[in-house]
Amino acid sequence: MIRHFDVLVIGVGSAGSVAASRLSEDATCRVGLIEAGYWPSDPDIADPLKWTQIQGRDYDWAYRTIPQPHTANRIHEWPRGKAVGGSSCLHAMAYVRGHPDDFISWDEAGGPRWSYEGLLPYFKRSEAFSAFAAPSRGRDGPLDVMLPDEAVSPVARAYMAAGNALGAPNIGDHNTGQLAGTTPNSLNIRNGRRLSLADAYLAPDVLARSNLTLLTGYEIERLELENRRVASVLAVHDSKAEHISADRVVLCAGAIASPLILMRSGIGDPETLRAAGMECRIESREIGANLQDHLLALGNVYRSRKPVPPSRLQHSESLMYLHSDDISRTDGSPDIVLGCVIAPSAAEGIDAPAYGSAYTILCGVTHPTSRGRILPGGPNRSDAPVIDPRYLETEHDRITFRKALRIAREVGHHPAMDEWRDVEVQPGPAAQSDAELDAFIARAASTHHHPCGTCRMGRDADAVVDPQLRVNGLDNAFVVDASIIPRIPSGPINAAVVAIAESWSAMQR
């Protein structure tokens with residue numbers, strides 16, 4: 001007998017945890033929740049300081065890009081969570097909504113519900129912000145958001161002071177509207193432990209609901225289509241195939257897996273599917289396209305004059321969003337970001353000093369114009385995808401990245417950092433010309449772990465999903481995750497993904 005639900009949520013990452021929790025608040029709605037991984041048991045996941053060490057373990061999909069011509073032909077590792085909680089079990093825990101202007105393109109694509117003002121009630125509904133009361137902040141949501149104070153490293157404090165001395169305003173918090181300026185990072189940490197979205201929205205009480213069924217260890221092969229509907233989902237569990245059906249199927253598998261599942265189901269660009277050995281059932285040429293990600297240069301490293309005390313948070317303590325043309329500007333969405341890491345942080349192949357003897361200023365572009373694509377490597381779930389982010393393909397991205405690195409060095413060499421700075425290690429004092437900085441960026445640029453955009457929302461015929469996040473061409477299938485984002489917001493995307501899932505879930509009532 002085929003198992004049947006009213007709603008089947010595929011993927012128990014950030015979006016899936018939210019959607020399953022909210023939908024199952026209706027006791028008459030039978031919700032199924034499918035995850036390829038399992039409940040994480042590794043204690044390192046809960047330790048905020050160990051997030052840089054847990055990638056590549058058995059709860060990481062461990063994707064890889066194809067070689068990128070503008071980053072020294074390097075292949076980039078793309079960690080993605082394969083566990084209940086998804087990538088919120090792997091990420092750096094920073095909570096940044098983005099600037100209100102980031103969502104203008106969302107409004108244009110889907111209407112006022114997807115503007116910053118339209119999403120604000122869902123940002124607020126999701127969070128339990130503990131630092132201070134503000135009209136824009138939520139206090140009673142499932143997701144803890146803490147703003148550190150005394151725990152902030154003295155190195156990060158000096159870095160923020162340097163930014164202020166150069167003209168960057170002190171904004172105190174990333175999430176009250178203004179984004180340009182200095183502040184410690186808000187973090188999804190509860191009682192000193194990482195708070196995944198599954199921890200926040202599902203465990204333990206929500207999972208005890210009689211109308212919610214969690215199925216772990218189920219990998220999705222494809223959606224079985226009949227006319228304009230998903231008749232069932234073909235999943236594999238313990239090497240056995242199983243069909244599961246639902247009145248509504250909700251893909252929350254993320255910016256890589258959601259488009260791949262659709263393409264394996266025969267939805268996509270006919271030529272792309274044919275090349276991968278698949279028949280096209282529904283033409284949707286943009287599935288897998290519009291791929292966006294943030295890059296950070298790892299990094300502008302400084303050897304310290306004295307021992308650097310270990311971070312008491314999660315190493316990366318302060319993101320500084322700035323306008324590259326005038327870092328004193330407070331209006332509008334910033335085009336660059338710096339970050340202070342209380343450790344030496346270098347990309348693969350770049351030497352760095354020992355831990356405790358150095359610190360790093362990261363830098364990157366908030367709104368890259370390069371657009372990549374994800375293609376299926378074959379017709380089966382075991383076929384590795386072809387991931388081509390096309391990093392730094394546009395001149396805009398290369399020029400803006402260079403500006404970001406120059407401003408990072410201004411901060412790093414400011415007198416406010418004199419107490420800590422001994423010597424710049426990377427890229428090193430000799431690297432000054434545009435060509436030398438470009439060469440360093442090509443070797444140092446690494447993912448900020450924010451892939452999105454591959455099932456673009458829009459009101460146009462080419463959009464993958466409509467403003468209700470329904471898959472165009474299907475009546476009962478939705479995509480609710482980072483893949484629907486039309487244009488990447490300024491900062492880490494997890495807060496926006498949570499708001500997307502909250503907003504969509506409210507539409508279902």
- Query: Can you tell me how far CG of Leu313 sits from CG of Leu49, rounded to the nearest 0.5 angstrom?
  - Reply: 8.0 Å

- Measure from NZ or CZ of Arg80 to the centre of the six-membered ring of Tyr63, then state whether that distance is under 6.0 Å and the direction lies within 45° of the axis. no

- Just do the side chain to side chain contact (heavy atoms under 4.5 Å, CB included) check on Ile484 and Ile500 with the steps written out, would you? CA-CA 9 Å; Ile484 68 97; Ile500 288 168; 3.9 Å; yes

- Using distance alone, with no hydrogens and no angle criterion, decide if Gln508 and Arg248 have a side-chain donor and acceptor under 3.5 Å apart. yes

- Message: I want to know whether Trp114 and Phe103 have ring centres closer than 6.0 Å.
- Response: no

- Between Pro334 and His367, what is the shortest heavy-atom contact and its length? O-CD2, 3.5 Å

- Task: May I ask you to test the Leu298-Ile350 pair for a side-chain heavy-atom distance under 4.5 Å?
- Result: no

- Please walk me through it: do Thr447 and His76 pass side chain to side chain contact (heavy atoms under 4.5 Å, CB included)? CA-CA 7 Å; Thr447 179; His76 295 254; 5.6 Å; no

- Has Glu395 got more than 12 heavy atoms of other residues, nucleotides or ligands less than 6.0 Å from its CD? no

- Any salt bridge between Glu226 and Arg281, counting N to O under 4.0 Å? no

- Item | Any donor-acceptor N or O pair under 3.5 Å, side chains His91, His449 | no

- Closest heavy-atom pair and its distance - Pro368, His294: CD-CD2, 4.0 Å

- Query: Would you say the side chains of Asp101 and Tyr116 form a donor-acceptor pair under 3.5 Å?
  - Reply: no

- Message: Taking the six-membered ring for Trp, are Tyr321 and His174 closer than 6.0 Å centroid to centroid?
- Response: yes

- Can Ser370 and Asp397 be counted as having a side-chain donor-acceptor contact under 3.5 angstrom? yes

- Mind checking salt bridge (Lys or Arg N to Asp or Glu O under 4.0 Å) for Arg274 and listing every partner two or more places apart, or none if nothing turns up? none

- Item | Non-neighbouring partners of Arg381 that pass salt bridge (Lys or Arg N to Asp or Glu O under 4.0 Å), sequence neighbours left out | Glu219, Glu221

- Do Asp6 and Arg30 sit within salt-bridge range, that is, some charged N less than 4.0 Å from a carboxylate O? yes

- Message: Does Glu348 have more than 12 heavy atoms from other residues, nucleotides or ligands lying within 6.0 Å of its CD?
- Response: no

- Closest non-hydrogen atom pair between Phe401 and Leu296, with its separation: CZ-C, 4.0 Å

- Are the charged groups of Glu271 and Arg285 less than 4.0 angstrom apart, N to O? yes

- Query: Step by step, would you call Ile189 with Leu195 a side chain to side chain contact (heavy atoms under 4.5 Å, CB included)?
  - Reply: CA-CA 5 Å; Ile189 292 176; Leu195 185 68; over 6 Å; no

- Item | Basic-acidic side-chain contact under 4.0 Å: Arg390, Asp388 | yes

- Got a second to check how far Leu202's CG is from Trp39's CH2, nearest 0.5 Å? 6.0 Å

- Task: Go through the steps to decide whether Leu362 and Leu338 satisfy the test side chain to side chain contact (heavy atoms under 4.5 Å, CB included), and finish with yes or no.
- Result: CA-CA 5 Å; Leu362 310 177; Leu338 312 184; over 6 Å; no

- Task: Determine, step by step, whether Glu127 and Arg97 satisfy the salt bridge (charged side-chain N to carboxylate O under 4.0 Å, His left out) criterion, reporting the C-alpha distance in whole Å, the side-chain angles of both residues, the deciding distance to 0.1 Å, and the verdict.
- Result: CA-CA 11 Å; Glu127 72 174 357; Arg97 294 175 180 174; 2.8 Å; yes

- Passing candidate, salt bridge (charged side-chain N to carboxylate O under 4.0 Å, His left out) with Glu502, options Arg22, Arg113, Lys124, Arg509: Arg22

- Query: Going through the distances and angles, do Tyr391 and His70 end up as a ring-ring contact (aromatic ring centres under 6.0 Å, His included)?
  - Reply: CA-CA 6 Å; Tyr391 283 141; His70 295 285; over 10 Å; no

- With sequence neighbours left out, write down each residue that passes ring-ring contact (aromatic ring centres under 6.0 Å, His included) with Phe440, or none if nothing qualifies. none

- Are a donor atom and an acceptor atom from the side chains of Asn494 and Tyr95 found within less than 3.5 Å of each other? no

